[in-house]
Amino acid sequence: MTSLSLMVIAALFLRLVMTDSHSSVALAAPNSRLKYTCTPGRVVKHQECCKWFEILDDMQENLFENECGPEAHESLRAMFHDAIGYSRTGMFNGTYAGGGADGSIMFHAEVELAYKANVGLDEIIYPQRNVALKHDVSFGDIIHFAGAVGLTNCGGGPRLQFFAGRPNTSEPAPDYMVPAPFHTADQIFERMADAGFQPDEVVQLMTAHTVAAQHSINPGFNSAPLDSTPQDFDGQFFVETLLRGTEPAGNGTEQGEASSPLPGEFRLQSDVLLARDPRSACEWQSMINHHEVMIAKFERVMTKLTTLGQDRGALIDCSDVIPGSSRLNHEAMLPAGKTMKDIEPACALIPFPSLSTVSGPVKSLAPVRHKYAHH
Ligand code: HEM
Ligand SMILES: *[C@@H]1O[C@H](CO)[C@@H](O)[C@H](O)[C@H]1NC(C)=O
Ligand SMILES: *[C@@H]1O[C@H](CO)[C@@H](O)[C@H](O)[C@H]1NC(C)=O
Ligand SMILES: *[C@@H]1O[C@H](CO)[C@@H](O)[C@H](O)[C@H]1NC(C)=O
């Protein structure tokens, strides 16, 4: 063995010992000393986080009405469209693009909401903006807080981390940074890699489409969900995108619409491609029957997304303000009327998991609207 390799081994050993002693110090510290009680039952590590409980209550009551409805879905989409305006090179198409999760989609709403990819986001960005102004918090913080809060209303929803303290000012993100549903897998992977995401992480982010509907690609098919359970953060999206398309797709004028497998369901062409591409198909399929892993991976990749372009050291961890979600009481299933023969498996390494079929008649999926009629 050379002396160099001995040195390397010694250095690795030292690191192991040091990391270990470091973590045992953190564990030994009494937790109670590190916590603040904002109001009874509402405890945080950092006192500065207390004001977010007021914003939580305000949003749940007045914006989301405690539902995993259209506002919760749009708030999740807004997180992505704000944050993905980021390139690791700091530039995109000759323009500054280093802001990331900075609230620029709200600060420069008149610029960014005019981009084709952002059609419809005005419906959530302006109401969120009012909440930010009312509570005097930054536009970046409110977008990435709202998305996390909305998701807690979804069955089986994740508990995203939330960091507060993004600066309020930003530059507008340039156009063409948000992937489009008519892009090829190559185009999507290239854009996402430019922002720092590998194909597996792109799949993990796509879990968001399990609580989603479309409004703008085919306006004649407004509020059509992307899976059969748009109020649940489950694996159905990953199953249903692998079903053979059978329904006619619009009238052919819609860029990015694909033939869907279920009446009332909308299918994006980009989801069809990502579900079947050799670079992403196995990660996609793995999401179907590993709910806890799917959630853990989504939480991790969303922390990365929502802090893109931000100085993590300057942010305060207010994750303890985000409540837990209700648990899911169902496994991934084949929708009524479908059998394993309708699946188009795309992962060459692992067989498609065997799923049972939802019993009962085939029904057209309902559009995603509010549970209660109001306003
Ligand atoms: C990478 C490729 C992606 C493409 C091409 C894409 C495309 C789309 C399109 C076209 C819609 C329909 C919008 C409308 O007509 O209203 C949509 C909806 C949605 N997207 Fe994506 N998306 C992508 C990734 C993501 C990611 C990473 C997230 C979040 C982490 C996300 C979250 C959502 C949500 C929550 C909706 C539903 C919005 C609603 O119900 O109003 N998407 N997406
Ligand atoms: C953020 O910027 C907007 C627009 O200039 C301003 O109205 C708002 O008060 C600012 N908020 C904070 C927390 O600085
Ligand atoms: C760069 O911007 C121009 C318009 O300014 C646009 O036509 C072109 O498609 C953009 N290129 C990319 C790679 O997005
Ligand atoms: C096709 O659909 C688009 C979008 O929904 C609509 O604007 C257009 O009028 C439709 N065209 C025909 C021929 O029905």
Side-chain angles (χ1 to χ4, degrees), residues 68-84 87 92-95 97 103 106-109 115-121 123-124 129-130 132-142 144 147 150-151 154 158 160 164-170 174-185 187-192 194-195 197 199 201-219 221-227 230-231 233 237 254-258 266-274 280 298 301-302 304-306 367-369:
C68 181
E71 287 78 12
H73 300 171
E74 284 164 3
S75 294
L76 175 55
R77 181 170 172 236
M79 291 167 115
F80 179 53
H81 289 223
D82 181 44
I84 205 63
S87 166
F92 184 84
N93 208 1
T95 312
M106 186 177 288
F107 197 95
H108 302 283
Y115 302 158
K116 191 176 166 210
N118 290 334
V119 168
L121 282 175
E123 286 175 23
I124 196 68
R129 187 174 180 278
N130 291 338
L133 293 175
K134 178 174 161 195
H135 295 276
D136 200 27
V137 293
S138 75
F139 290 166
D141 282 354
I142 206 74
H144 298 287
L151 275 172
C154 305
L160 299 189
R166 291 170 188 76
N168 195 45
T169 52
S170 56
D175 201 356
Y176 308 109
M177 294 193 84
V178 180
F182 48 83
H183 282 165
T184 62
Q187 285 175 302
I188 293 172
F189 288 138
E190 192 191 325
R191 176 70 272 279
M192 295 301 286
D194 177 47
F197 298 98
E201 296 177 299
V202 175
V203 173
Q204 293 157 16
L205 284 169
M206 295 317 300
T207 313
H209 282 183
T210 189
V211 287
Q214 78 85 33
H215 311 275
S216 65
I217 308 301
N218 181 345
F221 198 13
N222 194 11
S223 303
L226 304 190
D227 80 351
Q231 72 294 337
F233 205 87
F237 167 73
E254 302 81 6
Q255 260 196 312
E257 178 173 1
F266 192 87
R267 179 179 264 188
L268 295 169
Q269 182 59 30
S270 48
D271 288 335
V272 173
L273 298 179
L274 295 177
S280 43
F298 184 71
V301 78
M302 286 301 284
K304 182 168 169 179
L305 182 76
T306 58
V368 178
R369 302 242 165 81

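Counting starts at 1 for both ligands and their atoms, following the listed order. Because only heavy atoms are used, hydrogens play no part in the values below, and waters and symmetry mates are left out as well, while side chains stay in.
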>> Would S270 count as being in polar contact with ligand 1, using the rule that some N or O on each side must be under 3.5 angstrom apart?
In response: no
Residue pair [X] / [Y], side-chain heavy-atom distance below 4.5 Å:
X: T207; Y: F237; answer: no
X: S223; Y: H215; answer: yes
X: Q255; Y: K116; answer: yes
X: H209; Y: L268; answer: yes
X: H144; Y: R166; answer: yes
X: I142; Y: H135; answer: no
X: R77; Y: I124; answer: no

>> Could you identify the N, O or S atom of H209 positioned closest to atom 21 (Fe) of ligand 1?
In response: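 Nearest N/O/S atom of H209: NE2.
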Kindly give the heavy-atom pair with the smallest separation between [X] and [Y], and that separation in Å.
X: G256; Y: I217; answer: C-CG2, 4.4 Å
X: G147; Y: M79; answer: CA-SD, 3.5 Å
X: H81; Y: N118; answer: ND1-OD1, 2.7 Å

May I ask you to identify, for [X], whether its side chain, its backbone, both or neither come under 4.0 Å of ligand 1 on a heavy-atom basis?
X: P230; value: neither
X: L268; value: side chain
X: A213; value: both
X: H183; value: neither

Please produce the table of protein N or O atoms sitting under 3.5 Å from N or O atoms belonging to ligand 2, one pair a line, distance to 0.1 Å.
| residue | atom | partner | partner atom | Å |
| --- | --- | --- | --- | --- |
| ligand 2 | 2 (O) | N168 | ND2 | 2.3 |
| ligand 2 | 11 (N) | N168 | ND2 | 3.0 |
| ligand 2 | 14 (O) | N168 | ND2 | 3.3 |

Number the atoms of ligand 1 from 1 as they appear, then name those within less than 4.0 Å of a heavy atom of [X], with their elements.
X: L205; answer: 27 (C), 30 (C)
X: H215; answer: 14 (C), 15 (O), 16 (O), 39 (C), 40 (O), 41 (O)
X: A208; answer: 28 (C), 29 (C), 30 (C), 31 (C), 32 (C)

>> Under 4.0 Å, counting heavy atoms only: does G120 come that close to any atom of ligand 1?
In response: no
> Is the shortest distance from a heavy atom of A180 to ligand 1 less than 4.0 Å?
Replying inline: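 For ligand 1, residue contact (heavy atoms, under 4.0 Å) with A180 is present.
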>> With nothing but distance in play, are any N or O atoms of N93 less than 3.5 Å from an N or O of ligand 3?
In response: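 Yes; the residue has a nitrogen or oxygen that sits under 3.5 Å from a nitrogen or oxygen of the ligand.
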Give me the nearest non-hydrogen protein atom to [atom] as residue plus atom name, then the distance to 0.1 Å.
atom: atom 24 (C) of ligand 1; value: F80 CE2, 3.4 Å
atom: atom 4 (C) of ligand 1; value: P179 O, 4.0 Å
atom: atom 35 (C) of ligand 1; value: H73 O, 3.2 Å
atom: atom 18 (C) of ligand 1; value: R77 CD, 3.8 Å
atom: atom 37 (C) of ligand 1; value: A212 CB, 3.2 Å
atom: atom 3 (C) of ligand 1; value: M206 CE, 4.0 Å

>> Is it the case that the side chain of S87 and the backbone of A97 share a donor-acceptor pair, with hydrogens and angles ignored and the cut-off at 3.5 Å?
In response: no
> Do side-chain atoms of N168 reach the backbone of F139 as a donor and acceptor pair under 3.5 angstrom?
Replying inline: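 Answer holds: yes.
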>> Please determine whether side chain to side chain contact (heavy atoms under 4.5 Å, CB included) holds for the pair F197 and L205, giving the CA-CA distance in whole Å, both sets of side-chain angles, and the decisive distance to 0.1 Å.
In response: CA-CA 9 Å; F197 298 98; L205 284 169; 4.0 Å; yes
>> Using a 6.0 Å cut-off, check whether atom CD of Q187 has over 12 heavy atoms from anything other than its own residue.
In response: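 Yes, because the 6.0 Å sphere around CD of Q187 holds more than 12 heavy atoms from other groups.
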> Which is it for R191 and V202 under the side chain to side chain contact (heavy atoms under 4.5 Å, CB included) test, yes or no, and what are the steps along the way?
Replying inline: CA-CA 10 Å; R191 176 70 272 279; V202 175; over 6 Å; no
